[in-house]
2 protein chains.
Amino acid sequence: MPRERAARKGTASTMQRRAPRARAAAPARDAEASRARILEAATAEFAAHGLAGARVDRIAVAARANKRMLYYYFGNKDALFAAVMAQAYSDIRAAEQALELHRHEPVEGVRRLVAFTWKYFVTHPEFVTLLNSENLHRARHVKGIANIAAIQSPLIATLADVLARGEREHLFRAGVDPVQLYISIAGICYFYFSNRHTLSTIFARDLMSPRAQAARIAHMTDVILGYLLLPHAPLHRSP
Amino acid sequence: MPRERAARKGTASTMQRRAPRARAAAPARDAEASRARILEAATAEFAAHGLAGARVDRIAVAARANKRMLYYYFGNKDALFAAVMAQAYSDIRAAEQALELHRHEPVEGVRRLVAFTWKYFVTHPEFVTLLNSENLHRARHVKGIANIAAIQSPLIATLADVLARGEREHLFRAGVDPVQLYISIAGICYFYFSNRHTLSTIFARDLMSPRAQAARIAHMTDVILGYLLLPHAPLHRSP
DNA sequence: CGTGCAGTTAACCAAAGAGTTAACAGGAGC
DNA sequence: GCTCCTGTTAACTCTTTGGTTAACTGCACG
């Protein structure tokens with residue numbers, strides 16, 4: 001099946017655009033806004049139904065755009081999904097950057113990372129299901145995103161710094177791989193959250209009540225700090 | 001859409017069946033075998049493509065059965081998926097039961113649980129993707145399985161016993177919730193494994209090489225035991 | 001040895017789905 | 001005020017898909 005023409009790729013956001021008509025009046029035709037609405041609607045649709053379960057027509061309706069526009073801007077369903085993934089990664093990277101772990105004491109830094117990770121999943125449930133979908137497809141789309149490998153590096157570097165400081169201050173054990181630790185922190189948050197529906201059913205208890213969430217955060221912090229803190233370090237218990 | 005007739009539910013395995021014709025000769029028509037082949041094919045198909053991405057025709061071909069048979073035995077695609085989930089849970093429960101944690105010292109018991117959980121995911125990757133699919137659908141199918149809540153209890157009870165023994169022997173910290181711990185152990189295994197494709201891409205390193213797997217198991221064990229073991233307990237390091 | 005049901009088959013169907021066609025309009029540049 | 005490109009629209013197509021119809025057969029049982 002021949003593609004009619006190459007879809008415009010993400011560069012839209014880089015081009016200058018002088019405001020049309022009176023400033024801030026709703027423009028009759030606004031490419032940027034249309035594209036953004038489609039991407040937003042697609043994110044919700046793919047997150048809710050997965051790649052195969054998502055419906056192009058539903059996305060168009062939700063975006064208040066003609067179906068044709070999805071193809072005009074993104075090429076096809078698969079490419080649209082790839083754009084959604086790219087945006088999702090870009091979003092979480094931005095949020096991580098705002099964490100500024102280097103500004104905190106090692107113990108507090110780790111605490112904040114655990115709390116942040118949990119909060120991010122809870123406030124961005126779409127990220128979790130999108131990630132699951134992308135892995136069902138063996139990261140096919142993410143592999144096509146150019147600088148994806150560089151994306152996670154900043155946080156890992158910052159975490160490495162936190163670990164190094166903790167080690168230097170004789171608080172943390174030595175030789176911890178920041179990537180392993182990052183994955184473990186993400187994992188204890190992710191599994192509980194992503195599988196909350198089956199887990200709640202199997203354990204017959206509401207895992208997402210405020211109390212349950214607080215207990216989970218406390219437990220996760222205990223696990224990670226229990227692992228990191230040296231036996232003779234001060235503050236071996238959370239306050 | 002009216003359902004033509006109620007689909008036979010799982011009770012097939014409970015009914016006695018005298019061997020037809022000469023023993024062990026391939027029977028021309030074998031309901032049990034047909035049903036089993038369909039379930040097996042459906043498991044693979046749903047695991048590979050998710051609920052929406054799975055194709056009923058592909059399942060039929062893979063099961064060497066007429067498509068009609070899926071509807072004859074299971075009713076519809078959704079019910080077939082539910083049957084697959086029920087089987088998947090039943091399988092992992094059986095494997096957990098074979099663990100016999102109560103036979104081991106507390107520290108060794110925890111080690112085995114971590115190693116087992118990892119190994120189970122690696123050898124049953126379909127379980128992981130099925131679980132993701134089921135949660136995408138908010139555990140809709142699992143909620144319909146009668147005794148699903150009871151299913152996980154035995155392992156939790158055994159883990160609680162391991163923790164109690166460890167506590168009594170002044171090895172483990174007190175007050176650990178076995179459900180929280182179980183979820184954490186599963187989580188550190190699950191996230192790494194389930195998201196291995198995106199993680200490998202983002203970190204630009206093969207997370208599934210034998211060396212990487214060994215490193216992961218060592219790290220996970222360190223995390224869990226690092227959390228559980230009391231500061232003055234013997235064997236504070238893995239051998 | 002024939003009868004009736006569980007099990008099986010091929011062919012069929014209507015709906016839904018991704019993607020396309022072709023025509024049309026806003027508005028910046030001239 | 002004409003031109004032309006970008007953005008937008010409605011209607012259409014062709015394939016795939018879950019599910020069904022109806023006929024047929026092996027075989028256990030009487």
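If you're wondering where the values come from, they're calculated on a predicted model, not measured in any experiment. Chain letters run A, B, ... following the sequence lines, proteins first and then strands; every chain starts at 1.
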* Asked: E32(A) has an atom CD; how far is it from atom P of dT6(D), in whole Å?
  -> 15 Å
* Rounded distance (Å) that lies between atom P of dG19(C) and atom CG of L70(A) -> 10 Å
* To do: Would you state whether a donor and an acceptor, one from the side chain of N66(A) and one from the base of dA10(D), lie under 3.5 Å apart?
  => yes
* Asked: Does a nitrogen or oxygen in the side chain of Y73(A) sit under 4.0 Å from OP1 or OP2 of dT8(D)?
  -> yes
* Asked: So, does R112(A) use its side chain to make a donor-acceptor pair with the main chain of L99(A) at under 3.5 Å?
  -> no
* Structure fact -> Assign each of S34(B) and K67(B) the nucleotide of DNA chain C bearing its closest heavy atom; nearer the 5' end lies the nucleotide of S34(B)
* To do: Quickly work out the N76(A) CG to dT20(C) P distance and round it to whole Å.
  => 8 Å
* Structure fact -> Rounded to whole Å, CE of M69(A) lies from P of dT20(C) at a distance of 14 Å
* More than 12 foreign heavy atoms under 6.0 Å from CD of E40(A): is that the case here? -> no
* **Between P of dA16(C) and NZ of K77(B), the distance in whole Å** => 15 Å
* Would you confirm whether N195(B), through its side chain, and N135(A), through its main-chain N or O, come within 3.5 Å as a donor-acceptor pair? => no
* Which part of the nucleic acid, if any, lies within reach of A54(B) when heavy atoms closer than 4.0 Å are counted: base, sugar-phosphate only, or nothing? -> sugar-phosphate
* **Donor-acceptor contact present, side-chain K77(B) to main-chain L51(B), <3.5 Å** => yes
* Asked: Please give, in whole Å, the distance from dA6(C) P to I38(B) CD1?
  -> 17 Å
* Asked: Within the distance-only criterion (no hydrogens, no angle test), does the side chain of Y190(B) pair as donor or acceptor with the backbone N or O of V128(B) below 3.5 angstrom?
  -> yes
* Nearest-Å distance, CG (L80(A)) to P (dA18(C))? -> 11 Å
* Look at the side-chain N and O atoms of R55(B) and state whether any lies under 4.0 Å from the OP1 or OP2 oxygen of dG18(D). => yes
* Nearest whole angstrom, please: distance from the C1' of dC12(C) to the CG of D57(B). => 13 Å
* Proximity to the side chain of Y71(B) - top-ranked nucleotide from dA22(C), dG18(D), dG19(C) -> dG18(D)
